[in-house]
K.L.:
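I have a structure here, written as structure tokens, and I will follow up with some questions on it.
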There are 2 protein chains.
Amino acid sequence: MTTDNTRSDSVDPASAIADPIDAVRPDDLRLEKFLPYRLSVLSNRVSNAIADAYSARFDLTIPAWRVMAILGRFSNLSAADLVEQTAMDKVAISRAVSILIKNDYITRSEDLADRRRQVLNLSELGRDVYERIVPLAQQYENDLMGSLSTDERQQLDSIIEKLMARAQDWANRGLID
Amino acid sequence: MTTDNTRSDSVDPASAIADPIDAVRPDDLRLEKFLPYRLSVLSNRVSNAIADAYSARFDLTIPAWRVMAILGRFSNLSAADLVEQTAMDKVAISRAVSILIKNDYITRSEDLADRRRQVLNLSELGRDVYERIVPLAQQYENDLMGSLSTDERQQLDSIIEKLMARAQDWANRGLID
DNA sequence: CGGCAGTGGTTACAATTGAAACCAATCTTA
DNA sequence: TAAGATTGGTTTCAATTGTAACCACTGCCG
């Protein structure tokens with residue numbers, strides 16, 4: 001029996017004549033309007049759909065795909081470079097790289113100048129796969145963007161930048177308190 | 001040595017005089033412009049910041065907080081009702097509920113009409129905590145929204161709805177192929 | 001009624017993720 | 001050039017999450 005909570009059980013009798021709008025707790029939080037919640041649901045839906053597509057077609061996880069996406073554009077990167085470019089942490093990179101090597105999608109070679117570093121590149125097979133994934137990814141992107149007007153696409157772009165910057169502040173300066 | 005991949009190694013000599021713009025592979029994918037990636041990074045940053053705040057102050061995970069947020073507004077819900085309202089699956093709900101009960105934030109009672117169902121409500125303690133979390137959540141929301149103009153807030157709202165609907169389509173109709 | 005399909009919810013187990021410890025190589029500085 | 005600090009990357013172990021199987025109960029149909 002889903003019932004709205006009214007204030008009836010906690011309201012002070014003296015204010016019982018208050019405006020009816022008060023019948024809904026003024027500072028309840030509507031989860032479905034709460035931005036962090038909505039972002040999370042949206043992002044999960046999108047990511048899950050795409051993850052399914054990649055794994056079905058190429059046996060790739062999203063982290064592994066991200067690494068491929070970067071290595072498709074830039075060559076001779078180290079794992080640390082990938083950390084910079086992907087917003088993933090080094091453990092995730094390490095795991096993605098080891099999967100990709102097992103699949104022969106990328107190659108790893110020592111950096112003779114600094115023997116801690118490993119130099120990563122797409123293999124030929126990896127390049128082939130990359131060239132087949134990119135259109136698929138773009139198809140998803142286009143399909144999403146297709147639900148927006150040209151104006152909305154620009155708006156979204158700039159809105160995301162602003163929100164990202166704000167959330168980044170939180171991480172840097174410490175949280176709101 | 002981070003080097004841009006140019007087409008120099010794969011370009012056909014006959015087209016070497018092509019427009020210089022062609023020096024960047026035309027169908028590379030720029031991860032940092034790719035909407036699913038950006039959504040994921042943004043959502044994770046926001047969620048992590050908030051999760052830290054909730055867990056530090058109230059020992060609550062995000063799933064548990066979502067359950068509280070719903071129970072703060074609606075009473076006498078079953079776990080199945082929560083599934084409907086939160087976009088979480090029933091296992092996640094079950095786990096969140098058991099944590100909340102352990103914390104004495106919610107109460108669980110049998111539904112005599114249907115003995116499979118459990119009726120969930122905030123406890124008094126839970127209501128107190130709820131009333132302290134809501135302002136915190138709103139502070140995060142306001143802080144995020146504070147980086148946007150009034151117009152942008154409306155735009156974002158409608159853009160999210162559209163993207164959500166599209167992503168929902170993917171889940172329903174099966175993926176793009 | 002008796003059987004069986006469907007619902008509400010939990011449990012068990014595997015896969016994924018995160019944090020910290022760790023190893024190896026390099027850099028710094030005395 | 002030896003000692004400690006730093007960097008690059010992997011491993012280990014615990015916590016979180018996802019999937020499937022499961023149990024208990026209800027509701028339907030013969």
Side-chain angles (χ1 to χ4, degrees), chain A residues 1-2 40-41 43-45 47-52 54-56 59-67 71 76-102 106-120 171, chain B residues 1-2 40-41 43-45 47-52 54-56 59-67 70-71 76-102 106-121 171:
Chain A
M1 218 114 317
T2 300
S40 162
V41 173
S43 167
N44 285 339
R45 279 194 193 160
S47 288
N48 289 338
I50 295 185
D52 287 351
Y54 293 165
S55 81
D59 194 30
L60 278 185
T61 62
I62 296 241
W65 144 248
R66 288 185 184 169
V67 167
L71 286 178
N76 299 319
L77 298 193
S78 68
D81 297 330
L82 289 172
V83 167
E84 256 190 66
Q85 302 271 335
T86 58
M88 293 160 58
D89 72 40
K90 62 191 204 158
V91 178
I93 294 287
S94 171
R95 295 200 256 242
V97 163
S98 83
I99 289 174
L100 290 171
I101 287 178
K102 198 172 305 172
I106 68 176
T107 62
R108 169 160 59 185
S109 51
E110 271 195 6
D111 181 339
L112 299 177
D114 180 345
R115 292 189 2 263
R116 293 168 306 184
R117 275 179 107 252
Q118 313 197 313
V119 178
L120 304 171
Chain B
M1 216 121 315
T2 299
S40 162
V41 172
S43 167
N44 286 338
R45 279 194 193 160
S47 289
N48 289 339
I50 295 185
D52 287 351
Y54 293 164
S55 81
D59 194 30
L60 278 185
T61 62
I62 295 240
W65 144 248
R66 287 185 184 169
V67 167
I70 299 297
L71 287 177
N76 300 318
L77 298 193
S78 67
D81 297 330
L82 289 173
V83 168
E84 256 190 67
Q85 303 270 336
T86 57
M88 292 161 58
D89 73 38
K90 62 190 202 157
V91 177
I93 294 288
S94 171
R95 294 200 259 241
V97 162
S98 83
I99 288 174
L100 289 171
I101 288 177
K102 199 171 305 173
I106 69 176
T107 63
R108 169 161 58 185
S109 51
E110 271 196 8
D111 181 339
L112 298 177
D114 180 344
R115 290 188 4 261
R116 292 167 304 182
R117 275 180 108 250
Q118 318 199 315
V119 179
L120 305 171
N121 283 289

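The sequence lines fix the lettering, A, B, ..., with proteins before strands; numbering per chain opens at 1. Here the structure is a predicted model, which means the values were calculated and not measured.
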K.L.:
Measure from CD on B/Gln118 to P on D/dC23 and round the result to the nearest Å.
P.N.:
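Distance check: B/Gln118 CD to D/dC23 P gives 18 Å.
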K.L.:
Less than 4.0 angstrom between a side-chain N/O of A/Arg116 and OP1 or OP2 of D/dT7, yes or no?
P.N.:
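Indeed not, no polar side-chain atom of A/Arg116 lies that close.
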K.L.:
Compare all side-chain heavy atoms of B/Leu71 with those of B/Asn121 and state whether any distance is below 4.5 angstrom.
P.N.:
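When only atoms from C-beta onward are counted, B/Asn121 and B/Leu71 do not touch, as no gap falls below 4.5 Å.
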K.L.:
Report the C-alpha separation of A/Ser78 and A/Asp81 in whole Å, then their side-chain angles, then the decisive distance to 0.1 Å, and conclude whether the side-chain hydrogen bond (donor to acceptor under 3.5 Å, both in side chains) test is met.
P.N.:
CA-CA 5 Å; A/Ser78 68; A/Asp81 297 330; 3.2 Å; yes
K.L.:
Between residues 60-67 of chain B and DNA chain D, which residues have a heavy-atom gap below 4.0 Å?
P.N.:
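Listed by number, there are none.
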K.L.:
Check this one for me: any side-chain N or O of A/Arg108 less than 4.0 Å away from OP1 or OP2 of D/dT10?
P.N.:
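For A/Arg108, the contact criterion (side-chain N or O under 4.0 Å from OP1 or OP2 of D/dT10) is met.
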K.L.:
Give the first and the last nucleotide of DNA chain C, reading 5' to 3', that has any atom under 4.0 Å from a heavy atom of chain B.
P.N.:
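Using the under 4.0 Å cut-off, the span is C/dG6 to C/dA12.
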K.L.:
What heavy-atom pair brings B/Asp111 and B/Arg117 nearest, and what distance separates the two atoms?
P.N.:
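Where B/Asp111 meets B/Arg117 most closely, the heavy atoms are OD2-NH1, 2.9 Å.
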K.L.:
Check salt bridge (Lys or Arg N to Asp or Glu O under 4.0 Å) between A/Asp59 and all other residues, then give those that pass, not counting sequence neighbours.
P.N.:
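A/Asp59 satisfies salt bridge (Lys or Arg N to Asp or Glu O under 4.0 Å) with no other residue.
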K.L.:
If the condition is salt bridge (Lys or Arg N to Asp or Glu O under 4.0 Å), which residues does B/Arg108 pass it with, not counting sequence neighbours?
P.N.:
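B/Arg108 satisfies salt bridge (Lys or Arg N to Asp or Glu O under 4.0 Å) with no residue once adjacent residues are dropped.
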K.L.:
Tell me which residues in residues 87-96 of chain B put a heavy atom below 4.0 Å from DNA chain D, sorted by number, or none.
P.N.:
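Residues of residues 87-96 of chain B under 4.0 Å from DNA chain D: B/Val91, B/Arg95.
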K.L.:
Please identify each residue that fulfils side chain to side chain contact (heavy atoms under 4.5 Å, CB included) with A/Ala87, with sequence neighbours left out.
P.N.:
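Expected list: B/Tyr37, B/Val41.
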K.L.:
Measure CG/A/Leu82 against C1'/D/dT10 and give the value in whole Å, please.
P.N.:
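Checked: the CG to C1' distance equals 15 Å.
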K.L.:
Going through the checks in order, is the side-chain contact (heavy atoms from CB on, under 4.5 Å) test met by A/Leu100 and A/Leu60?
P.N.:
CA-CA 8 Å; A/Leu100 290 171; A/Leu60 278 185; 3.6 Å; yes
K.L.:
Over all heavy atoms of both residues, which pair between B/Ala51 and B/Ile62 is shortest? Give the atoms and the distance, please.
P.N.:
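Shortest heavy-atom separation between B/Ala51 and B/Ile62 comes out as CB-CG1, 3.7 Å.
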K.L.:
When you compare the side chain of A/Arg95 with that of A/Val91, does any pair of heavy atoms fall below 4.5 Å?
P.N.:
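A side-chain contact under 4.5 Å exists here.
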K.L.:
Contact between A/Leu120 and A/Val67 at the side-chain level, heavy atoms closer than 4.5 Å - yes or no?
P.N.:
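Side-chain contact under 4.5 Å: no.
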